[in-house]
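The structure under discussion appears below in the form of structure tokens.
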Amino acid sequence: MKLRANLVIGGALFALAILVGLLAPWLAHTDPVLDANLMNAEEPPSWTWWFGTDGQGRDIYSRVVYGARISLTVGIVSQLINSVIGVALGLSAGYFGGWWDDVVNALTNLMLAIPSLIFALAIMAVLGPGLTSLLIALGLTNWSFTCRIARASALSLRSQGYVQAATVLGYGDFRIMFTQLLPNMLGPLIVIGTLGMGSAVLSEAALSFLGLGVRPPFPSWGSMLSEARDQITTAPWLSVFPGLAIFLTVLGLNLLGDGLRDSLDPQSRSRRT
Amino acid sequence: MTAAPLLEVEDLRIDLDDGARRVAAAEGVSFRISRGETFGLVGESGCGKSITALSLIGLLRPPLSIGSGVIRFEGREIQHLSAAAQRDLRGNRIAMIFQEPMTALNPVSPVGRQIAEMFVLHKGKSWREANQLAVEALASVRVPAPERRVHDYPHQLSGGMRQRVMIAIALACGPDLLIADEPTTALDVTVQAEIIELMRNLCAERGTAILMISHDLGLVANVCRRVAVMYAGRIVEERGSADIFRAPAHPYTQGLVDSLPRLGSRAALGRTRLKEIAGVVPAITSFPDGCRFNPRCAQASDICRTNAPTADFLEAGGLVRCHHHA
Amino acid sequence: AEAQTPRKGGTIRMTAPYGSSFTSLDIHTTQRAQDEIYAKALHRSLYIWNSAEGKPVLELAREDVVSGGGLVHTFKLRDDAYFHNGRKMTADDVIWSYNRIMDGAKAYPGARYVRVIEGAAAVEKGQAKEISGLKKIDDFTIEMKLTEKVDPGFYFFTALTSIYPADEAAKDGFIQKPIGLGPYKFVEHVPGSRIVLERWEKFYKPGKPYADKVVVAVMGEAAARDVAFRNKEIDTSVLGPAQYVAYQSDAALKGTVVEVAEVFTRYMGMNPAFKPFTDKRVRQAINYAIDTDLIINKLVKGKAYRATSWLPLTSPLYDKEMKPYAYDPAKAKQLLAEAGYPNGFEFEWTTSQNESWGLPIVTAVIPMLDKVGIKAKVKQVEAAVLSEVVRSGDYQAFIYSQQTGPDPQAALKCFHSATPQSACNYMNFRNAEFDKLIDEAGQADDIAKRGQLLQKANALLYEEAPVWFFNYNKAVMAVQPWLHGVQLNATELTHQNVEDLWVDETSPAK
Amino acid sequence: MHEPRDRAVERKPDDDVILSVEDLAVHFPLAGGLFSRDRRLLRAVDGVDLTLKRGECLGLVGESGSGKSTVALSILGLQAPTRGRIVVDGQAVTDGPSSDRKALARTVQIVFQDPYASLNPRQTVRRTLEDPLRVHGVTAASEIEDRVATMLRHVGLRPEQAGRYPHEFSGGQRQRIGIARALILNPKIVICDEPVSALDVSIRAQIINLLLELKDTLGLSYIMISHDLGVVEHMSDRVAVMYLGRIVENGHWREIFERPAHPYTQALIAAIPDPLRHAPLATTGGDLPNPLNPPNGCAFSPRCRYAEDVCRHEPGPVLGTRPDGHTVRCWRADEIAGSGVLAATE
Amino acid sequence: MLSFLIRRLLQTIPTVLAVVLLVFVLFSVVPGSIASTMSDDADPQVELRLKKQLGLDDPVYLRFGTYVARLATGNLGASFRTREPVTTMIAKRAWPTLQLIFASMAFAVVLGVPLGFVAALRPGGIVDSAAMVLAVSGLSLAKFWLGLLLMYLFALKLGWLPSFGYGDGGGKYLILPAVTLGVSPMALLARTTRAAVLEIMTADFVRTARSKGMSEVRVVKWHVMRNALVLILTTMGLQFGALMGQAVVVEKLFSWPGIGSLLVDSVLQRDIPAVQGSILVVVLFFLAINLLIDLLYGVIDPRIRYA
Ligand SMILES: Nc1ncnc2c1ncn2[C@@H]1O[C@H](COP(=O)(O)OP(=O)(O)OP(=O)(O)O)[C@@H](O)[C@H]1O
Ligand SMILES: Nc1ncnc2c1ncn2[C@@H]1O[C@H](COP(=O)(O)OP(=O)(O)OP(=O)(O)O)[C@@H](O)[C@H]1O
Ligand SMILES: [Mg+2]
Ligand SMILES: [Mg+2]
């Protein structure tokens, strides 16, 4: 696997984000929630407050650091849910075909027809704001691409010699799906998963903006950015740092996805699905 | 035939840049083709036939490039010509047919237009005239109802028809040399026979020389007057086709001929065990030293393992590249 | 600046900041503050809010003669008020409008006000066709019999009780092109974008309105409003705390800020059914434990007034003598200990995400409560959900903003034990002494006496502390220097009597 | 090598026949692409009868798209037939893919054409060979290892190579692995679907020899599908020629190659170029007909130089038996037989 | 062709019904109701009447039944909030949204496709790298943040464009929202185009074209473009869906009076008929666009025929 610039840069950015999230308790200067000292409200960036403080006097640097946890959780977990749903449906549809395939196809078309942000908005309205709701909302609404790719791969792999051979050898359906099909479609799935994580992080920000985001005790970058938007002219540091964190992480994920695609599948760059 | 050769290839070397280093995908390739001659190039998959062909019309793309050697067309060196000058030759004087007639034609363009392009590009015709000429060209490759067929798209034609269209394109400007890279590999034998005959007749009519590339010994033997056999990037033997298979000089050629289950041989000789060539075709990155066939050759001796054999010109004409040739 | 003589002409560009659309052009159907902004230009009610006097005054009537022991009001209507189609308003229009509002099948929100007229409730229930307490004496005189001794001004000044043209409004299509009595007539409504109005030449106040045109643009996004205001694309903008500070500290914008104490009280409501909160001492402890001033100064950026009890600063009965609970964590701890919670307790705090009285406040309070041992767990809900939670009593604590004026009697009545929780007694407050005070005030004929009683009730609330008294809203609006005549309306700063506004030549608007 | 197979089979009179295919038809409804409405029927296989005897190699030849692979897939239970009956070793498999797949797996196996696509790139050779044993209830680790090693040696690979992944092998070696996989369950019948056409020419002989050896040592029966008439002639005992979903000629290899009676068989043989013969290739004229729109009457009639009116009539000819015992589907077989041998030998 | 159209239209019915059902079920369990959003402290009596009037007390299946029955006659019901027919409400919002969506897509195509082409002609070159960095960056920005930054820069600092609103409906009001919305499809189109061109450049028929003696420019013009268009169209079709979603954010930010802002308001205020109607219209729009794109495929790609 040739190392490409986008793979390296993207991987590094993403790894950095993960690392920051993991090491948050050690990296952060203060508690992101409880260390609110209104006496220090809205300090601009300085040596004491690297990224400045917010309206409640909390250290933005620490909040950005802890924000990595929430934002990455949102990105990773919701995309995992998407992947599991998409792969389960797509793989089985492509493998079994028939009416089940029709059903899955109809479902996928349905999901494609409702813009996912709108669907997520509706789900958030039902479940109420919060991290779990958000994970569910984003996890349930973005699996159609994964599903299509899994289905298409399963369809094409199904006629491959080794899959037919497995059938001829008397393997059970599940054994075939898990040992013959799944491992051979992982490449594009990983790519789309990576890109999906990025878009989940952005969706979280968009939902926050629309008033249906995540507001657990720990901040997410999206909610920080959304809250700070009124002060973009007066206290720009409030939005610049979470904004940059989102930008760099999503950029990293996108680059990583591109890089993986190029490396895993040098022939067909981003074929349509 | 005494005329100056139409095409002369001398000591051609084609480099493959695999990122870390350059390896010779083909080397020491030399051959000549006279006007109107049919010349065959056979060899197994990956031995370098196609890249040799592509190098002749300047279509090598990175990571492949011409490393050294001379390609003379009508006595003129063409490997260093400007891009524009090469384009003038390409299609116009030297044309090429590819293996896969399905993918070699643009799926979203009517075949008539794809033929007409040739007249626009090289004969300065207007599209209107060119389209008219395209109908004629299609008729000349014996496509029925050509005036209707020009509007068809490739997917509406059968494989044989598509290959006829390819031939019409290639012969549109009356080239002097036609390079046919496995023109019938994708076709069924009965269709193959037709395409080959068509090609052969048309070229004979127009005096077009053919460089016929194939891995099918039988086909080449039938079509060509002279045949070169390639193995692992080198031409190992080049002879008149009547001789080369009947009395092969190179152990590889010999092995190939012997290993084929030929039609009728069982009836004649009963079922005998086929003669095998031991071992496998070497990968391009790990060509053996010396004679590249030596690991698989029963007659190989020490010299074969160290020194690459040079071309021996045979009395009966042709050449062979073997330390121990018959 | 007011020394100049008002200029005629020009365009006033106001903004509607509370959401990204107007609800309806039928102002009877909507009681959102957003809609009343345009309604102030388009419609008129029997009374109007006079910001300078801080009370409702007669608008469509010239006089009100009270009789029948304070229950019967005889209004002399103006005879120079014309609907925008040129027809003169008469008593029939008033009666028709009030009857319409009481149509039970339609559930118009204004019913809560008109219900004060005798016989209105019967119409609502479908038992009568017309309100029996409302009589036409002649074309310009009506007699109104009330069920309670209240000042009808507080009931008939909002746009919810606007007077519609009787026949015209009954027709289809009226709502697409509404007609009213206001200083401006309707031109167009681009849903989600703006309402455009133009001067009504036959408006009854001489020389008014001044401007030719009024545009009310819907702009829910504060950040966008900020840019637009700085970019001189709009004439008014409502400011949140962050922008309040920013505008004040910006030399170019400082002069544009106008502010007023609005009749809203922000508080944390505590559910007496939740064990710790049954104890008054616990509720008081919470009031002591929170450094309210700090929150107001730092977090709310001074864009609020410290609440001393329930009735707000601009309420006619506001008690200047009252002092807010001091910040005294020690006292709080002591009270908690006395109440049997020396180690504090834990509760769930339901909040919306509102920046002035929602999640940010809660987040700031949590560490303060933590210091006295009380652990608060946040439960965030949407605004739509919060109001239901509050009404159903399905909470341990919540934070809210409640209108506490302009009528002090109505505001305090919320705590009367006869007021159901779903109405506005959200804390399900029950206190016999308090009930007595309110009842007596309701009977009192003497205004001063009534005021004393109500102030007493207000003080009792302070002592009982059913809530954490947080603040009274300070409404802040930025107003471009070329817009004059802005009124400091304590009921809602954005509700401007548009006929008094005018723009000078420096306005960039065409 | 031969373990007793625990299967209660009522031995039929014709004990010799291990596989019989009767009137097999496979029709594919074509949606005609994403956008077209008409659902046309592609008759990929249309009334095929075949029998395979124990220890025999049956060659199946015909042009691309004539339905050879589809017949194979039906026998393997991978393709549900539209009609017809397939009996493998006394058991009917016609119920489609869901019928007892495991029992069938121990009887019939397949070797695929493409040695690259037929091995799972993410499994080692060992895994590829061990898994089928496990699926079929062999659990003892030593037995599994034994059998894998034996099989690898059988196909000419070294057991040490079992830990490698497919991409570490050459095409010929991969095909050996494919053969090993087909044989690991000790099947009785092996279907070879063009086992050598994707291989380097210099490797083909190795694989052909290997297949023939295994057939003898393991007592296998083959169905050998190929384009390459040379290979078919070399390997087969009997040969069936398919054209457009039907068998047009079927008989002993000698009869088919020396006395082809069907014009199509004749054309096929005549079109094969031979390295030692320099004659113009015999051309047939015309293209393969569109299988979606087959010609009336005899499917070959539009390309047949002997075609007469009767040939173009509906319905097509039936299989008739030649004096030498092989069957032909041609109206004029009697007249044509023997006349077209111009090409068979020089 | 016509029958193809009709068939495709019929095929959308199940999708539409499923959408209706989905949204209906979702909003039948949503906490909070329109009544509680009418005001902070509404009159409980009025509220009860309102609920009754709106049928909120009826069981879900009954409401769903009535809804579908009405839907069949093209009636989307009346908004809880405005008491206007939802159809009228949406009709007024549709044009601004269409303007916005098509303007963004136009921006995306006009910028993205040429960028992709230029990048693909010299893969790995400076233009390519710059274009792709730009494209990936465009994909990685939170939309509302980008919108704010643009607003800040072009309206406030440079004073070139109005910052908000629909204004007099003039084009200058459209530019900032359209650009904000168009950045990510632009980026995606640039990438798709690049990838498509690169892929097609390796196709056999391109080699054939070169073997004819064609210059690279001609190769691209005569043989690559049309083939690339198929892939570009596919991306466009899917992007329309994403655009409808993102429009919600952008419309809200720029006070653009489209369906997106109607939708958010309606969701937040539990105006179920309006939510239902807006989502339905968004879905129908997406389906219509994709139908159109399918038809375009037929024009571009002869392999696709509408029998
Ligand atoms: N674009 C390329 N990149 C890398 N290697 C290449 C490329 N094209 C050809 N090669 C290598 O060059 C060698 C010769 O290839 P070539 O296509 O000439 O073989 P061939 O003789 O035509 O084979 P075939 O019969 O399969 O067409 C092969 O080993 C092949 O892998
Ligand atoms: N799953 C399928 N769906 C539709 N058509 C099919 C399917 N499988 C095969 N066909 C069609 O059935 C016909 C017979 O196919 P089959 O693969 O059996 O031919 P074949 O004789 O094996 O050809 P080849 O020599 O090319 O392998 C072909 O026209 C093919 O296109
Ligand atoms: Mg080649
Ligand atoms: Mg086949």
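Chain letters run A, B, ... following the sequence lines, proteins first and then strands; every chain starts at 1.
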Quiz item: How long is the gap from OG1 on D:Thr128 to CD on A:Gln180, to the nearest 0.5 Å?
Solution: 7.5 Å
Quiz prompt | Atom group of D:Asp193 that falls short of 4.5 Å from chain A, counting heavy atoms | solution = neither
Quiz prompt | Smallest separation among heavy atoms of A:Gly161 and D:Phe112, with atom names | solution = O-CE1, 3.3 Å
Practice problem: With a 4.5 angstrom heavy-atom cut-off, could you sort out which part of D:Val111 is near chain A: side chain, backbone, both or neither? | Solution: neither
Quiz item: Which bit of D:Asp114 comes within less than 4.5 Å of chain A, counting heavy atoms only: side chain, backbone, both or neither?
Solution: neither
Quiz item: Is the number of heavy atoms from other residues, nucleotides or ligands within 6.0 Å of CD (D:Glu145) greater than 12?
Solution: no
Quiz item: Hey, does the side chain of D:Asn120 reach the backbone of A:Thr179 with a donor-acceptor pair shorter than 3.5 angstrom?
Solution: yes
Quiz prompt | D:Gln123 and A:Tyr162: CA distance, side-chain angles, deciding distance, side-chain contact (heavy atoms from CB on, under 4.5 Å) verdict | solution = CA-CA 10 Å; D:Gln123 283 187 355; A:Tyr162 59 87; over 6 Å; no
Quiz prompt | Residue, of D:Pro115, D:Ala105, D:Ala182, D:Ala117, that accumulates the most heavy atom pairs under 4.5 Å with chain A | solution = D:Ala117
Quiz item: Quick one: does A:Arg175's side chain get under 4.5 Å of D:Asp131's, heavy atoms only?
Solution: yes
Exercise. Apply side-chain contact (heavy atoms from CB on, under 4.5 Å) to the pair A:Leu169 and D:Leu185, showing each step before the final yes or no.
Key: CA-CA 8 Å; A:Leu169 288 166; D:Leu185 293 178; 3.7 Å; yes
Quiz item: For the residue pair A:Gln164 and D:Leu73, what are the closest heavy atoms and their distance?
Solution: OE1-CD2, 3.9 Å
Quiz item: Closest heavy-atom contact between D:Arg122 and A:Pro183?
Solution: NE-O, 2.9 Å
Self-check item: Residue pair A:Val168, D:Val108: steps toward the side-chain contact (heavy atoms from CB on, under 4.5 Å) verdict
Solution: CA-CA 8 Å; A:Val168 171; D:Val108 195; over 6 Å; no
Practice problem: Mark yes or no for whether D:Arg181, through its side chain, and A:Ala165, through its backbone, hold a donor-acceptor pair below 3.5 Å. | Solution: no
